[in-house]
Amino acid sequence: MNRPETRLERDSLGELAVPADAYWGIHTARALENFTISSTPISQHPDLIDALVTVKDAAAAANHELGLLPAGVADAIAVACRRVRDGELHDQFCVDVLQGGAGTSTNMNANEVIANAALEHLGLPRGRYDLVHPIDDVNRSQSTNDVYPTAVKIAVAKGLLRLMPALEELAAAFEERSVAFGSMVKIGRTQLQDAVPMTLGDEFAAFAVAIREDVVRIGDTVPLLLECSLGGTAVGTGVTAPAGYREIALERLRERSGLPMTPAAHLFEASWDASAFLQSSAVLRRSAIKLSKISNDLRLLASGPQAGLGEIHLPARQAGSSIMPGKVNPVIPEVMNQIAFAVMGADVTIGVAAESGQLQLNAFEPIMAHSLLQSLSWVTNGVSALRRFCVEGIEANDTVLERYVASSIGTVTVLVPSIGYEAAAHAAQYALRTGIPIADAVAQHSELSREEAAALLAHSGAAARLPGRQRHRRSIARDSDTAVTVSATPGRAAICSQM
């Protein structure tokens with residue numbers, strides 16, 4: 001005997017045939033028809049699916065403790081939720097991530113999948129809602145308006161908690177490279193022009209510090225996501241939720257989620273306020289922008305390799321051209337850049353959606369949820385790729401670093417305390433014009449010998465000062481045509497002491 005291909009289900013709008021083997025039902029079927037928008041189902045955000053069934057499991061446990069659900073039904077719902085958390089049935093969460101209704105389609109999809117999985121556990125056919133009902137049982141004491149934002153907050157919190165160690169590992173990789181590059185002097189640059197010397201280790205240490213700052217900021221944001229409006233139901237009144245439900249459901253949610261969820265201070269405010277999503281998006285945007293800036297720097301430092309800066313070598317990951325043999329592109333930093341562009345765009349979307357909510361509910365939480373969860377996934381994956389496929393294998397081009405230091409006029413800055421600004425400026429201009437080494441130019445434009453100048457320039461990361469020589473000493477500034485005697489003025493401290 002052949003099984004029927006469809007089963008007939010009913011809702012307040014009428015009847016509709018759904019596939020007989022589907023765990024979802026008529027409400028999901030209508031959403032599938034209405035929202036063929038992005039071709040991205042909610043199952044693409046597994047943290048959201050896990051969070052939804054975790055909320056449903058906690059609610060069922062609370063309803064059973066309050067005598068509102070029979071033990072057999074509550075147990076069957078718990079088994080169904082556990083199956084989903086174990087990775088089963090995610091393909092049944094199929095409604096589009098973009099949907100009207102403030103997440104109602106997502107909530108109903110979850111209710112129907114859980115109800116039919118519970119029926120299956122009880123040995124009953126799918127669709128026997130007289131025995132386990134998607135709304136009366138799975139959704140008891142709840143509303144989309146408190147279930148959906150609670151689930152999204154849990155999903156985003158878990159995503160941020162997953163991102164934090166990934167960022168810490170990336171920071172540690174930069175720190176390890178900074179130690180390896182600690183003695184390699186290079187020219188710092190401001191506004192893409194030669195500035196003062198530093199070490200390559202200093203540059204990479206700064207990357208590590210910048211990333212760790214964002215780990216702290218993300219950690220500060222997570223508690224905002226743990227404020228839970230569960231029990232507020234539709235607009236914060238708690239209508240349809242019995243006395244004691246909110247406290248019990250929240251306790252069960254803490255147990256099942258492993259997160260220290262806290263009750264929202266004001267349920268009416270919590271029903272519409274999206275500030276936790278705004279803050280999460282803001283810290284994610286901040287981190288993405290920093291990662292993009294760092295990626296830009298890596299690309300610049302590795303540019304060339306012969307006609308660019310070429311100060312570092314990035315690991316070669318793949319051929320860079322279908323026409324130019326031997327070309328290798330910085331593909332890993334480039335993908336990190338593109339992730340950051342997407343995160344910045346998503347942040348704008350989230351801001352507009354948060355502002356556009358009206359009265360007691362924000363109808364646009366689905367686009368906020370999708371934007372945040374997609375950004376989190378992409379940034380976390382990008383951070384891992386940047387660490388594994390790029391940062392850990394970066395090598396310094398010490399030959400190029402030494403050549404730039406020897407020839408850059410920026411190095412004379414360290415001599416200003418010893419020979420004065422004017423003499424240093426003349427030496428720099430002369431070296432730039434003639435192409436002679438900086439130490440030779442300094443020897444010609446000050447009382448320092450070439451050896452003394454070279455020794456000071458070698459200590460380019462610290463203030464250059466010869467013992468016994470004072471800032472107000474006489475120095476000789478020369479150029480190729482004239483000789484000018486320059487008397488340096490007393491320092492500011494000497495002037496102040498005479499006032």
Side-chain angles (χ1 to χ4, degrees), residues 11-12 27 48 50-78 80-81 84 101-115 118 129-155 157 224-257 259-274 276 357 359-363 365-366 369:
D11 65 4
S12 60
H27 296 281
L48 177 59
D50 289 350
L52 280 166
V53 299
T54 300
V55 172
K56 296 295 178 181
D57 190 7
N63 284 319
H64 171 58
E65 290 182 44
L66 292 168
L68 301 175
L69 271 185
V73 173
D75 290 344
I77 290 173
C81 293
V84 176
T104 297
S105 295
T106 295
N107 186 38
M108 290 305 302
N109 192 171
N111 289 333
E112 290 173 339
V113 171
I114 293 168
Y129 299 147
D130 56 318
L131 300 173
V132 180
H133 196 278
I135 298 177
D136 291 339
D137 295 321
V138 180
N139 199 65
R140 180 176 286 274
S141 307
Q142 304 152 61
S143 164
T144 295
N145 300 355
D146 63 346
V147 166
Y148 185 75
T150 297
V152 174
K153 285 182 175 182
I154 291 173
L224 300 177
L225 294 162
L226 303 182
E227 293 184 5
C228 176
S229 63
L230 194 62
T233 65
V235 298
T237 63
V239 62
T240 75
Y245 165 80
R246 185 187 182 203
E247 293 75 17
I248 297 173
L250 187 57
E251 182 59 34
R252 300 297 163 261
L253 186 58
R254 292 189 194 101
E255 296 169 356
R256 286 156 174 77
S257 68
L259 296 172
M261 308 297 295
T262 59
H266 195 279
L267 289 174
F268 293 93
E269 181 268 347
S271 71
W272 61 261
D273 183 19
L359 304 177
Q360 279 68 58
L361 180 67
N362 191 307
E365 286 182 352

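Below, each value reflects all heavy atoms present in this structure, side chains not excepted, and no hydrogens, waters or symmetry copies.
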Inset, instruction - Starting at CG of Leu52, measure out to CG of Asp57 and round the result to the nearest 0.5 Å. - result: 12.5 Å

Inset, instruction - Kindly compute the distance separating CD (Glu227) from CG (Asp273), expressed to the nearest 0.5 Å. - result: 9.0 Å

Inset, instruction - Taking the side chain as every heavy atom from C-beta outward, state whether Met108 and Ile135 have any pair of such atoms under 4.5 Å apart. - result: yes

Legend entry - 4.5 Å side-chain heavy-atom contact, Phe268 and Thr237: yes

Legend entry - Side chain proximity check, Leu226 to Pro260, heavy atoms < 4.5 angstrom: yes

Legend entry - Sequence neighbours excluded, every pair satisfying side-chain hydrogen bond (donor to acceptor under 3.5 Å, both in side chains) that has a member inside residues 130-141: Lys56-Asn139, Asn63-Ser141, Asn107-Asn139, Asn111-Asn139, Arg128-Asp130

Legend entry - Closest contact, heavy atoms only, Tyr129 versus Ala115: CE2-CB, 4.5 Å

Inset, instruction - To the nearest 0.5 Å, tell me how far Glu269 CD sits from Ser229 OG. - result: 9.5 Å

Legend entry - Side-chain donor or acceptor of Thr54 paired with backbone N/O of Ser257 under 3.5 Å: no

Legend entry - side-chain contact (heavy atoms from CB on, under 4.5 Å) partners for Leu250, two or more places apart: Cys228, Arg254, Met261, Pro263

Legend entry - Any donor-acceptor pair under 3.5 Å from Glu365 side chain to Gly103 backbone: no

Inset, instruction - Search all heavy atoms of Thr144 against all heavy atoms of Ala102 and return the closest pair with its distance. - result: CG2-O, 3.6 Å

Legend entry - Flag, side chain of Thr233 to backbone of Ser143, donor-acceptor distance under 3.5 Å: no

Inset, instruction - Give the minimum heavy-atom separation between Leu68 and Pro242, together with the two atoms involved. - result: CD1-CG, 3.4 Å

Legend entry - Single hit among Asp50, Leu225, Leu48, Leu253 for side-chain contact (heavy atoms from CB on, under 4.5 Å) with Ile154: Leu253

Legend entry - Minimum heavy-atom distance Ile77-Ala60, with the two atoms named: CG2-CB, 3.7 Å

Inset, instruction - Would you name the heavy atoms of Val132 and Ala118 that are closest together and state the gap between them? - result: CG1-CB, 4.2 Å

Inset, instruction - State, yes or no, whether a side-chain contact exists between Tyr148 and Gln142 at a heavy-atom distance under 4.5 Å. - result: no

Legend entry - Note, Ser271 side chain near Leu361 side chain (heavy atom, < 4.5 Å): no

Legend entry - Donor-acceptor contact present, side-chain Asp146 to main-chain Leu230, <3.5 Å: no

Inset, instruction - Measure across Lys153 and Leu224 and return the closest heavy-atom pair with its distance rounded to 0.1 Å. - result: NZ-O, 4.4 Å

Inset, instruction - Mind checking the CG-NE2 spacing from Asp75 to His64? Nearest 0.5 Å is all I need. - result: 6.5 Å

